[in-house]
Amino acid sequence: MKNKFLKTIVALSALCIAFYSCKDDDTLPVDFDDLINTGVPFASEIITNGSTNVNKLDPSSSSFSKDYQLISPAGGTDISKVEVYVSIAGQNVTAAEVLLSTVESSSFTNTDGGYPEVNISFDGASIIAALGIDPAGLEGGDTFDYRLALTNPQGTFSDVSANFDNQSADHTFSSTVVCDSPTLPAGDWIIDMQDSYGDGWQPTTSGGGGPGITITLSNGTVFEIGLCTPYEDPGYPCTPGVSSGSITITIPDGVSGDWVFNGDFWGEMSYQITGPSGSTVATATAGSAAGPIALNLCNE
């Protein structure tokens, strides 16, 4: 049986560490002396709006945006533009980096007393057009790689000084090619589940908290899925097996569905989803964030 006391102590210790780390970050989030010496601007990501996946079956339907705060010794006011570059090295398609978009300073949002902010929008069709590639050659799991470059009077920069690794990481990101169909392939779907600690799934609370995966079909059918936990009544038809288990669900013709991962309280849950044709359409490792599950239906 799980030592719940031990887990509680670990969680409290992590919380204390996080508190003091946050306290230090709040006190000295940036080494401004070094920043002033280098004069290198950087972008700090605030939020991603929408899924960054690009749908091979309908690229124009794939859109997302990112909001950044622009930081420099001059309070970000010396940054004249932000450029976004994109490249791809896929299974069948390769394209060198090209300029995707440019946002001039006139489009920055100047917050009261704060650093300027910029919103950068993306859509699958424009990404593919900029690279000059044939979308038919894309495969599920291919990634588009993006790079931000900021210009100020000293030059154009994608990387910042060695003291700012956490900020420079915000200058690059990727998006994944998927195949999202208006309807789900009919047939039997298999969800394989694991728990690294061996005590079932606890997605939202230390004891259990309900299913880890919820699937809501357009015909009103709802599937609640997860490994049974011994610590409380799961409250749904869970799958036996505290370390691993598998369940098969049958999806009828002509329906769509929303797949949602509800979370991983202890950072122990992982899963793989297999479509009717036998291809793996989604995976998650232990500690993956809660949210919609993007199904890669390119091989279904």
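Keep in mind that the numbers below use all heavy atoms, side chains included, and drop hydrogens, waters and symmetry copies.
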Pairs meeting criterion salt bridge (charged side-chain N to carboxylate O under 4.0 Å, His left out) with involvement of residues 49-61, two or more places apart: none

Could you give all pairs that pass the salt bridge (charged side-chain N to carboxylate O under 4.0 Å, His left out) test and reach residues 80-109, with sequence neighbours left out? K81-E83, E97-R147

Correct closest heavy-atom pair for V86 and L131 would be O-CD2, 3.5 Å

Modelled atom types, side-chain donor and acceptor of T109 and E117, under 3.5 Å: no

Side chain of Q91, backbone of G140: donor and acceptor closer than 3.5 Å? yes

Indicate whether the side chain of S279 and that of E300 have a donor and an acceptor atom separated by less than 3.5 Å. yes

When N49, T48, D123 are each screened for side-chain hydrogen bond (donor to acceptor under 3.5 Å, both in side chains) with S65, the one that passes is N49

Is it the case that the side chain of T183 and the backbone of G254 share a donor-acceptor pair, with hydrogens and angles ignored and the cut-off at 3.5 Å? no

Non-hydrogen side-chain atoms of L100 and F122 separated by less than 4.5 Å: yes

Side-chain donor/acceptor of D78 to backbone N/O of N152, under 3.5 Å: no

Spacing of D180 atom CG and N53 atom CG [to the nearest 0.5 Å]: 7.0 Å

Going by atom types alone, do N262 and T204 pair a side-chain donor with an acceptor below 3.5 Å? no

Look up atom CG in N55 and atom CG in L138, then write down how far apart they are to the nearest 0.5 Å. 10.5 Å

Would you compute the distance between atom CH2 of W189 and atom CD1 of I273 and round it to the nearest 0.5 angstrom? 8.0 Å

Main chain of A43, side chain of H171: is a donor-acceptor contact present, judged purely on distance under 3.5 Å? yes

Could you tell me if T280 and Q272 have a donor-acceptor pair between their side chains, going purely by distance under 3.5 Å? no

Could I get the full list of side chain to side chain donor-acceptor pair (under 3.5 Å) partners for D258, not counting sequence neighbours? none

Tell me if a side-chain donor or acceptor on S218 pairs with a main-chain N or O of S256 at a distance below 3.5 Å. yes

Using distance alone, with no hydrogens and no angle criterion, decide if D188 and T250 have a side-chain donor and acceptor under 3.5 Å apart. yes

Got L148 and F42 here, is their nearest side-chain heavy-atom distance under 4.5 Å? no

